Structure formats: structure tokens, C-alpha cells
Amino acid sequence: MCSAVIRIRRLKMRRYLLLLLMPVLWGCERQDSVSAAIAQQYQSANGAVDLTRIIDDPWDRVCIFGPYSSINNTAEEMNIDWKTLESSNTESDEGVNRLVFLSGRDVVAYVVHPRSQGDFSNLSKQCFFRESAKFIDQKSPPEGWPGLFPLEN
């Protein structure tokens with residue numbers, strides 16, 4: 001009988017843990033799908049990325065944090081309500097950028113995106129309004145290193 005009670009408790013605990021982890025797992029899956037959509041555009045459109053076609057949720061600007069950006073300090077300077085996001089390895093991982101999609105000060109979505117699939121790092125600590133969130137890969141930019149830059153309208 002005791003082992004049956006323990007099994008039931010374990011089952012209930014597993015269900016409880018799964019319910020707690022669902023938002024986290026969904027967030028990871030969403031990050032992966034957003035990053036995959038950016039990579040797909042980057043590869044199929046000769047280095048062009050239109051972020052307005054990636055996130056359906058209402059957002060009015062996207063802020064970019066490149067490698068080694070101190071996200072918490074920068075977010076405060078940029079007037080972003082950063083409390084909703086966990087810490088990131090972008091401060092120490094030179095292979096990724098973090099894109100944060102905002103509606104006002106509120107975070108709508110975010111993604112940790114590999115630079116090899118579209119490098120936004122030249123644009124670190126900059127925000128772009130939704131209408132201007134279109135980028136093109138430049139192999140020989142006038143300043144900086146090769147990567148994505150705002151598309152001139």
C-alpha cells in the first residue's frame with residue numbers, strides 16, 4: 001500500500017511540475033521558431049530580414065543586444081521593463097544576439113539568435129520601430145564588420 005501511495009504522489013508531482021514548466025517550454029519553443037524564421041528569411045532572401053513578418057503579436061519596436069552587452073544595465077538605460085525575462089548568456093557568448101520585441105515598455109517576445117544565421121551585432125544597443133525593422137546583409141559595410149544593417153527605404 002505504501003508503494004502505491006508513493007507512486008500516486010509521484011504522478012501528482014510530475015503533473016504539477018509539468019504544469020509549472022509548460023510556460024517555460026512554450027517560451028523556448030517560441031524562441032526557437034522565431035530564430036528559425038529569421039534564419040529562413042536570411043538564407044532564402046539573399047540576406048534580407050523583415051522582422052515585421054516574423055512576430056504576429058502587436059509590437060512597436062525591437063531592441064537588439066549584441067554579444068557582451070550588459071543587458072540589465074542597458075535595458076534600464078533604454079527604458080525597457082526587463083523584469084519579465086530571465087538572465088541570458090549573451091553577455092558572455094559571442095555567437096548570439098538577443099532581440100527583444102516591445103509594446104511600449106513591455107516585452108512581447110524575445111529571442112536569442114545565432115549570429116551565423118543573421119548577425120545583428122553591429123546594431124547592438126539600438127532599437128528600431130516596427131516600420132523600420134527591415135535589414136539587409138552587407139558584406140563590406142562602410143563601418144563595422146559584415147552583418148545585418150537597416151534597409152534604406
Side-chain angles (χ1 to χ4, degrees), residues 14-153:
R14 285 182 187 149
R15 286 183 187 161
Y16 180 71
L17 287 173
L18 184 59
L19 288 174
L20 287 176
L21 290 174
M22 288 290 279
V24 173
L25 296 173
W26 181 81
C28 291
E29 182 178 312
R30 182 165 186 199
Q31 276 195 52
D32 291 344
S33 68
V34 170
S35 182
I38 293 170
Q40 193 275 329
Q41 272 192 19
Y42 177 76
Q43 292 168 358
S44 67
N46 295 325
V49 175
D50 181 353
L51 295 178
T52 64
R53 296 180 177 192
I54 303 239
I55 303 254
D56 292 331
D57 296 334
W59 58 277
D60 52 38
R61 66 187 170 128
V62 60
C63 296
I64 298 167
F65 297 89
Y68 309 115
S69 298
S70 175
I71 294 171
N72 290 329
N73 294 340
T74 306
E76 189 175 309
E77 292 169 15
M78 296 169 79
N79 199 26
I80 297 172
D81 184 6
W82 190 253
K83 295 178 209 102
T84 58
L85 300 177
E86 81 282 353
S87 62
S88 165
N89 64 350
T90 53
E91 292 180 25
S92 61
D93 185 347
E94 68 181 38
V96 297
N97 293 294
R98 177 172 277 216
L99 283 68
V100 182
F101 296 85
L102 301 155
S103 178
R105 292 188 63 222
D106 298 325
V107 175
V108 173
Y110 65 96
V111 63
V112 176
H113 182 70
R115 292 174 62 191
S116 62
Q117 299 297 312
D119 186 3
F120 292 90
S121 61
N122 284 301
L123 308 173
S124 186
K125 299 182 184 178
Q126 294 183 50
C127 296
F128 298 88
F129 288 107
R130 185 180 182 115
E131 309 80 47
S132 305
K134 298 171 183 160
F135 306 91
I136 190 75
D137 191 50
Q138 292 186 12
K139 302 293 183 209
S140 301
E143 292 183 29
W145 45 88
L148 290 165
F149 288 87
L151 183 64
E152 301 291 327
N153 293 330

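Everything numeric here is computed off the predicted structure, so don't read it as measured data.
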Any pair with a residue in residues 107-122 that passes salt bridge (charged side-chain N to carboxylate O under 4.0 Å, His left out), sequence neighbours left out, goes on the list, sorted by first then second residue, please.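 Qualifying pairs, neighbours excluded: R115-D119.
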
Which residues share a side chain to side chain contact (heavy atoms under 4.5 Å, CB included) with A37, sequence neighbours left out: I54

List in chain and number order the residues that pass side chain to side chain contact (heavy atoms under 4.5 Å, CB included) with P146, two or more places apart in sequence or in another chain; answer none if no residue qualifies.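 Side chain to side chain contact (heavy atoms under 4.5 Å, CB included) check on P146 returns nothing, list empty.
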
Residues which pass side-chain hydrogen bond (donor to acceptor under 3.5 Å, both in side chains) with Q41, listed by chain and number, not counting sequence neighbours: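 With sequence neighbours excluded, Q41 shows a side-chain hydrogen bond (donor to acceptor under 3.5 Å, both in side chains) to no residue whatsoever.
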
Restricting to side-chain hydrogen bond (donor to acceptor under 3.5 Å, both in side chains), what partner residues turn up for S116, sequence neighbours left out?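 Once residues adjacent in sequence are excluded, S116 has no partner under the side-chain hydrogen bond (donor to acceptor under 3.5 Å, both in side chains) criterion.
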
At their closest point, which heavy atom of D57 faces which heavy atom of R130, and how far apart are they?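 That closest heavy-atom pairing would be O-NH1, 3.7 Å.
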
Here the pair of heavy atoms bringing L102 nearest to V108 is C-CG2, 4.0 Å

Is a donor on one side and an acceptor on the other found under 3.5 Å between the side chain of S132 and the backbone of F128? no

Between N122 (side chain only) and W145 (backbone N and O only), is there a donor and an acceptor less than 3.5 Å apart?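 Pair found, side chain donor or acceptor close to backbone of W145.
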
Can you check whether L51 reaches L99 side chain to side chain, under 4.5 Å on heavy atoms? yes

Side chains of P67 and V96: closer than 4.5 Å at any heavy-atom pair?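 No, every pair of side-chain atoms sits at 4.5 Å or beyond.
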
Among F149, F120, Y42, ring-ring contact (aromatic ring centres under 6.0 Å, His included) partner for F135: F120

Please round to the nearest 0.5 Å and tell me the distance separating atom [atom1] of [X] and atom [atom2] of [Y].
| X | Y | atom1 | atom2 | answer |
| --- | --- | --- | --- | --- |
| R98 | S124 | CZ | OG | 12.5 Å |
| R61 | R105 | CZ | CZ | 9.0 Å |
| I38 | D50 | CD1 | CG | 11.0 Å |
| F65 | N97 | CZ | CG | 11.0 Å |
| Q138 | L151 | CD | CG | 9.5 Å |

With sequence neighbours excluded, what pairs up with D60 under the salt bridge (charged side-chain N to carboxylate O under 4.0 Å, His left out) test?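 Expected list: none.
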
